[in-house]
Structures are given as C-alpha cells and as structure tokens.
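It should be emphasised that the depicted structure is a prediction, and the values quoted were computed from it without experimental measurement.
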Amino acid sequence: MTSPTLARLRLYSQRITGPAFADPAEVVRWLGAIQAQEYQQALWAIGVRTQGVTLADVEQALAEGRIVRTWPMRGTLHFVPAEDARWMLMLTASRAVARHRGRLAQLELDDETLACAADVFRAALAGGRRLSRPAMLQVLEGAGIRTEGQRGYHILWYLSHTGVLCPGPLDGRTQTFVLLDEWVPQSRDLSREEALATLAGRYFASHGPATVHDFAWWSGLTVADARAGLAAVQADLTPIEVDGTTYWMAADTPREVADEPVGIVLLPGFDEYLLGYKDRSAVLPKEHVDGVVPGQNGMFLPMVVVDGQVVGTWRRQVKKTTVEVTFNPFVPGDEVDAWAGEPAERYGAFLGLPVTAGG
C-alpha cells in the first residue's frame, strides 16, 4: 500500500469523503473527539464532515449541550460527545494531571486549596448558572483563594480535568464555565476496560488505517493501554501492512476507495486528518511541514488537500457581507482557481456568506 491509497482510506474513514453526517453531534461521536483549541476552526472540522449543516447548526448543538468542549486528552481542548465527557476525562486526563503536579506545587495549589475551590464553584454555579472566566476568578478571590499570576488559570484547568467544571456555551465571544454534572446530567458510566475498548473502537473506525502508536499519541494513553484497547476491539478491525508497519481500520471499510482519486477539500487548522496521528508523513511530506506549521511553533494552518495530500494552506477573512478566502500553494503554479471554486463555495455555504477567493 502506498501513501496516496493510505490517505484516501483515511479520508473515507474520517468521513471527509464518502457518507456525510446530517447531525453535528454524530460527527463528534464518530471521531471520538475533535481537537478544538481554535474554536472557529473546530466548527468547520465538523462542518466539512456534514451535508447541509451550517455554522449556526453546530453552535446550536454546543448551546444545547449535545457537544461539550473540554480537556480530555493531551491537555488540549477537544469537542467530545456530551454523554461521554466524564468517562473520557477519567480515562485520559489523569496522566495530564499527574504531569501537572509539579506546576501546581510551584503555585502553592495543594489538594486542600483545590478541594476548597471546587466547593466554592459548586455553590456559585449550582442551579445551571454559568460564569465567564473573569467572573470565576472574582468568585475565587471573594472566597479568599488567590488567583494572581497563573494560579486562577491552573485552578480552572485542574477542576476541568477532574470533572468538576466544564467550559459552557459562549456568551457572545466570551467563554463561560458550568458544572459538568449539571451541564451533562446523562453521563455514561463505563469501567476502565469498557472505556479503553470504546475509545479504541471509535478511533480505529474513524481514523484508520492507523497504528497503535498513533492511537497512543492521539489519546494520551500509554502504549500498553493503547494495545489493551486495540486488543478488545480487534475482531471488528482489519490489519494492513505498509513497509513492515501494521495499520488497523474498520473491517467494513470498502477497499475500493483506496483506488479512487478524490477531489479538493479545504480543511481547518488542527484538523483530525493531520493531528490525529503520530506519523503524518502519509499526507504531509517532510519538506512541506513548515508550510503548515510555520517555524514548528505548534500552530497548524488551515490546509488544502488534493487527492488526500496536503498541497497548500488557506486563510479566510470574514466580512459583513462576504468571506474572502486566499490560498498559498506549496508549489507555485498549482491550480489555485480549482481550489477557489466548489471547495471555497462549500465553506461559504457553511458560514451562510458568499465567497470571493483567489491566490
């Protein structure tokens, strides 16, 4: 198997090609989690995998609490299915918390202080209340808990990782916080073994072909836990060998999609198509990595993907009556006009705005 066919299979598994979803929450459930520290980009990560869904539809699913934005994996914000938020935090966030203990100690945030902060927020947010980050810090100060420096941020981070708090819906452009138990009252309760199997099943079905090391990186689990999760769902998967490496994907993935060239797709920055794997060389050659991650600074630009390969980047400027889309191909002379046609118009339809596009 070659990189192009591997890439086409991933496009299909991720539902960037093939059957699209009609409900934003179903996209998130299928993928397991969607990286979402860049909020607007993450909304399009859902939109590009749907048919006829608009920005307003995705934000409505968030406002209704069907999709939750929290920190389940790698200390990074993700969209996750609401009913799965708690077990995912319990399974994956504990390693991030353990790594963070030293920083908490530096900030003089011991277990007693953090438990007191949790009690303060339970009282302040009870009954469905939501507060902005500045208001949350004011609540802490009012209770005699210092927030100077980075103490306030790390208190919110810790209590979100441990399932007390959850980022709630935006108030305009301001992030709010809510109590996770109230925002998601119907949480699923899974044992550790069930959680490993569920997460592994979703990952390999939606991201395959992928390796166990890809899964370990994506989930933030140890390789041993990743292997245990894979073993639990292996009967539903099929292996393929590429250059001596074993990849896994859903057994019912139609093999013919690997041989069918696909068109042009505009993906957001931080999209799972690239970020969902430890090894990204099948879709992004090393010589073009700096084009997507300038200076290796951790910021991933929106990507132009042609037949599964990342061939350039794009950016948008939303104005009152239009959205301007511009492109930066890695290879001068690439067919930017083709990128500016249906792919850009599809993004404009998601925003509900006409598009002007060019190089």
Charged N-O contact under 4.0 Å between D271 and R49: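 Salt bridge between D271 and R49, a charged N being under 4.0 Å from a carboxylate O: yes.
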Give a yes or no on whether a salt bridge exists between R86 and D189, defined as a side-chain N under 4.0 angstrom from a carboxylate O.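 No, this pair does not count.
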Determine whether the aromatic ring centres of residues H161 and W157 are separated by less than 6.0 angstrom.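 Yes, they do, as the ring centres are separated by less than 6.0 Å.
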Kindly say whether the aromatic ring centers of W248 and F215 come within a distance under 6.0 Å.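 When the ring centroids of W248 and F215 are compared, they turn out to be at least 6.0 Å apart.
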Taking the side chain from [X] and the backbone from [Y], do they hold a donor-acceptor pair closer than 3.5 Å?
X: Y158; Y: H100; value: no
X: T50; Y: F21; value: no
X: W44; Y: L55; value: no
X: T113; Y: L109; value: no
X: D214; Y: D279; value: yes
X: R8; Y: D307; value: no
X: W314; Y: L267; value: yes
X: Q35; Y: E272; value: no
X: S13; Y: G208; value: yes

For [X], is the [atom1] atom crowded, meaning more than 12 foreign heavy atoms sit under 6.0 Å from it?
X: Q51; atom1: CD; answer: no
X: Q186; atom1: CD; answer: no
X: E287; atom1: CD; answer: yes

Per the salt bridge (charged side-chain N to carboxylate O under 4.0 Å, His left out) rule, what does the pair list look like for residues 311-329, sequence neighbours excluded?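 Listed once each, the pairs are K319-E324.
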Tell me every residue that passes salt bridge (charged side-chain N to carboxylate O under 4.0 Å, His left out) with E345, counting only those two or more places apart in sequence or in another chain.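 Not a single residue meets the salt bridge (charged side-chain N to carboxylate O under 4.0 Å, His left out) criterion with E345.
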Can R10 be said to sit on top of Y247's aromatic six-ring, NZ or CZ under 6.0 Å from centre and within 45° of the ring axis?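 Relative to the ring axis of Y247, which defines the angle, R10 lies outside at least one limit.
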Cut-off 3.5 Å, no hydrogens considered: what does the side-chain donor-acceptor table look like for residues 225-239, sequence neighbours left out?
from, atom 1, to, atom 2, distance (Å)
D225, OD1, R192, NH2, 3.3
D225, OD2, R192, NH2, 2.4

Taking all atoms of both residues into account, what is the closest heavy-atom pair of P72 and V80, and its distance?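 Looking at all heavy atoms of both residues, the closest pair is CG-CG1, 3.7 Å.
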Please examine the side chains of [Y] and [X], heavy atoms only from C-beta on, and report whether any two atoms are closer than 4.5 Å.
X: L62; Y: I67; answer: yes
X: R69; Y: Q175; answer: yes
X: V325; Y: W339; answer: no
X: W218; Y: Y203; answer: yes
X: L77; Y: Y39; answer: no

Nearest 0.5 angstrom please: [X] [atom1] to [Y] [atom2], how far?
X: C166; Y: W71; atom1: SG; atom2: CH2; answer: 8.5 Å
X: R15; Y: Y273; atom1: CZ; atom2: OH; answer: 14.5 Å
X: I34; Y: I46; atom1: CD1; atom2: CD1; answer: 4.5 Å

Enumerate, atom names and distances included, each donor-acceptor pair closer than 3.5 Å involving a side-chain atom of residues 121-131, sequence neighbours excluded.
from, atom 1, to, atom 2, distance (Å)
R122, NH1, D119, OD1, 3.2
R129, NH1, A124, O, 3.1

Which pairs count as ring-ring contact (aromatic ring centres under 6.0 Å, His included) when at least one residue sits in residues 292-312, sequence neighbours excluded?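 Output for this query lists F270-F300.
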So if I apply the side chain to side chain contact (heavy atoms under 4.5 Å, CB included) rule between R346 and each of L266, I264, V48, V355, which one comes out positive?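 Of all the options given, the one that passes is V48.
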With T147 via side-chain contact (heavy atoms from CB on, under 4.5 Å) - residues at least two apart: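 side-chain contact (heavy atoms from CB on, under 4.5 Å) list for T147, sorted by chain: L137, L140, E141.
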